[in-house]
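Predicted, not measured: the structure shown is a model, and the values here were computed from it.
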Amino acid sequence: MSNSQVKKIVIVGGGRAGWLTAAYALYNLPNTQITLIESPNIPIVGVGEATILGFDHYLTDCGIPTELWTKECDATIKLGTYFPNWRDDGKNIWQPFYFPIEKAQTGNWHDVIDLCRDANVPFEDYEKWTAWYDISVKDKKIAGNTTACGSEAHVGYHLDAVKLANFLSEYLNKKYPRLKHIKAHIDKPVIKDGNIEHVVLENDEIVTGDFFVDCTGFKRLLSNALGNSKWVDRSHMLFTNAAVASQISYETEDEPQVPYVTAQACDHGWIWKTPVKDRIGSGLCYNSDITTKQEAEDYFVQHWGEHRLRTGKFNHVPFKPEYNANNWRGNCFSVGLASGFIEPLESTGLALLVIGSSALHYMKKGYYEQADVDRFNEDMSNVYEDSMGFVALHYFSNPRQSKFWRHVEENFKETKKMEDLCTNYARNFTPTVDEQFFPRNTEIFQDINWKLWLNTVGIKTATANLGEAESLDLLNRMKEENKKASYPGLTNRQWSNR
């Protein structure tokens, strides 16, 4: 392949993956014809409804104002993830998006993890020192130093994924007359010489294109037809493979919409709680080899109480922690669930989707070449491996004693890359950089996220070995400055009803 001209891109599949990909293509490839084929009446998988940093920047890069899409999909602000009693030791883990840092006399910047270690602060007390704990976890408000309040610190969002897809469909169809939106069932793709020649619809219509994007979810319709996939299975360190989800009602009209996702460990795995404007999205992640669908559903209902179930309907989703290391083959790559899946913990789904779909930037020059294919596959493999290792760290050495957690302890086998990364943090001090972090094309989580969880599971990370007095002084200064910047803040209800 010297280079392959791209004048027409065909996106196969709707939902979040299809419509976010279309949004990027339409805005960033103005000279390219875009076709989206969407099967009617196909339910959208809503496993998680939370973003991490950078999602609003992606939509801005698609020409869609934050003020508009957040209102249309019932968004609320997310400032981090809260893990109450995750390890069954009575200690809670608070992981904010923003970690304040302070400069020591040496000139180096130090974060709260390093300083707590050098100040000999018990690790269980660390959450009290970090950013946004008082304002967000204790007072359940959005911090005043965030973009949601007109300041600088960036935020994530909780949102209704189905409403997001519906909004994008309507918005893009109105804005872009060159978008060809076909609602039809897909019969099959036709492959010739390792490329997709065209797609045949159920009514025998043929849709041709120069490049195709597989957004067909777990069906992986185009990817499977192409063959030559290289699926990498990480079931040896990620042990949930199914979820049961439902919509949960707020108890009262003034029940706080907390500005964080709650990840609550339980006997069968863990339960997520994501507060959007008019409900809570929640589900139980479990291992289907240990817990049956009915057991999971019963436990989930018992946890919330039947009176909290908003619709009485459940979404059962089986999945496998895997990714396709040979994602881009021929004239097609996959985005979203079609490219792989980890699990809902740490909200990686939308981040991986964004990184995958934005790879259409390779087409800005009007063609692609083998170097683009190789770079994309390498980058996607790296971001999956990095994310899988980080999520797996949450399960490592957890002392819980239910059947699920004993299974995790007995069968956990880390990858060489994860082992090397953890060893490096334990041996070498990693100074914190003075910048906000956004998802890059090879990793999602920053150094301090790794250091937080390594210390949580008992692996002490290397520090700069500051003196105890100086470290405590820096911690107190950090806490005081953050408190001043965070208050008075506002509630999610005030923000979403703005």
Should the pair K163 and W69 be classed as cation-pi, given the thresholds of under 6.0 Å to the six-membered ring centre and 45° from the axis? no
Got a sec, which residues hit side-chain hydrogen bond (donor to acceptor under 3.5 Å, both in side chains) with N411, two or more places apart in sequence or on another chain? H407
Got a salt bridge between R498 and E67, using NZ or NE/NH1/NH2 to carboxylate O under 4.0 Å? yes
State whether R220 and E322 are salt-bridged, where the test is any N-O pair (Lys NZ or Arg NE/NH1/NH2 against Asp/Glu carboxylate O) under 4.0 Å. yes
Regarding R329 and the six-membered ring of F212, is the cationic atom NZ or CZ under 6.0 Å from the ring centre and inside 45° of its axis? no
Partner residues of D278 under the salt bridge (charged side-chain N to carboxylate O under 4.0 Å, His left out) criterion, sequence neighbours left out: R310
Restricting to salt bridge (charged side-chain N to carboxylate O under 4.0 Å, His left out), what partner residues turn up for K313, sequence neighbours left out? none
Residue set satisfying side-chain hydrogen bond (donor to acceptor under 3.5 Å, both in side chains) with D267, at least two apart, ordered chain then number -> none
Determine which pairs satisfy side-chain hydrogen bond (donor to acceptor under 3.5 Å, both in side chains) with at least one residue from residues 204-216, sequence neighbours left out, and list them in order. D214-T216
Go through the steps to decide whether N331 and Y368 satisfy the test side chain to side chain contact (heavy atoms under 4.5 Å, CB included), and finish with yes or no. CA-CA 9 Å; N331 63 342; Y368 63 92; 3.2 Å; yes
Ion pair R493/D254, N-O distance below 4.0 Å: no
Non-neighbouring partners of K188 that pass salt bridge (charged side-chain N to carboxylate O under 4.0 Å, His left out), sequence neighbours left out: none
